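One structure below.
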Amino acid sequence: MKIFLNKKIRNISLVLTVVHALALMYTPGYYWSHNPAEPGFWIAIWSAVSSTVLLNFLFLKFSGKG
């Protein structure tokens, strides 16, 4: 994606993805997990990464630069 060519946006996206994944993993009462042996860990990682990619795609599409 073109939006990831910008170093500042790429770094912000990386930080937000990590924060999002950690927030999901440590949310009590849900199926997220901070244990890599459990599926909830990978679901949290996938959710964070996919939402970051989707948001960046939408920002690129609607910014008129895509």
Side-chain angles (χ1 to χ4, degrees):
M1 265 190 221
K2 293 179 185 176
I3 200 163
F4 288 118
L5 295 178
N6 184 325
K7 186 176 181 180
K8 187 175 184 179
I9 292 174
R10 184 175 57 237
N11 290 341
I12 291 170
S13 294
L14 180 63
V15 169
L16 289 176
T17 301
V18 170
V19 170
H20 184 182
L22 289 173
L24 289 175
M25 287 176 202
Y26 289 98
T27 300
Y30 290 97
Y31 55 89
W32 315 114
S33 172
H34 56 275
N35 181 358
E38 295 181 17
F41 175 84
W42 299 106
I43 293 170
I45 297 288
W46 172 248
S47 175
V49 170
S50 62
S51 65
T52 299
V53 169
L54 177 65
L55 284 174
N56 280 308
F57 173 75
L58 292 174
F59 289 148
L60 180 65
K61 184 173 176 100
F62 292 114
S63 71
K65 296 180 182 177

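Since the structure is predicted, the reported quantities are computational estimates derived from the model, not experimental observations.
V49 and M25 fall within the same hydrophobic cluster, defined by Ile, Leu, Val, Met, Phe, Trp and Tyr side-chain heavy atoms under 4.5 Å apart, directly or through other members. Following chains of ILVMFWY side-chain contacts shorter than 4.5 Å, one cannot reach L16 starting from W46, and the two form parts of different hydrophobic clusters.
Residue L24 holds its CG atom at 11.5 Å from CZ of F41, rounded to the nearest 0.5 Å. Within the model, atoms CG of L22 and CD1 of I45 stand 7.5 Å from one another, a figure rounded to the nearest 0.5 Å.
In the model, S51 has a side-chain atom that pairs as donor or acceptor with a side-chain atom of H20 under 3.5 Å.
Considering all non-hydrogen atoms of both residues, N56 and S13 come closest at ND2-OG, 3.0 Å.
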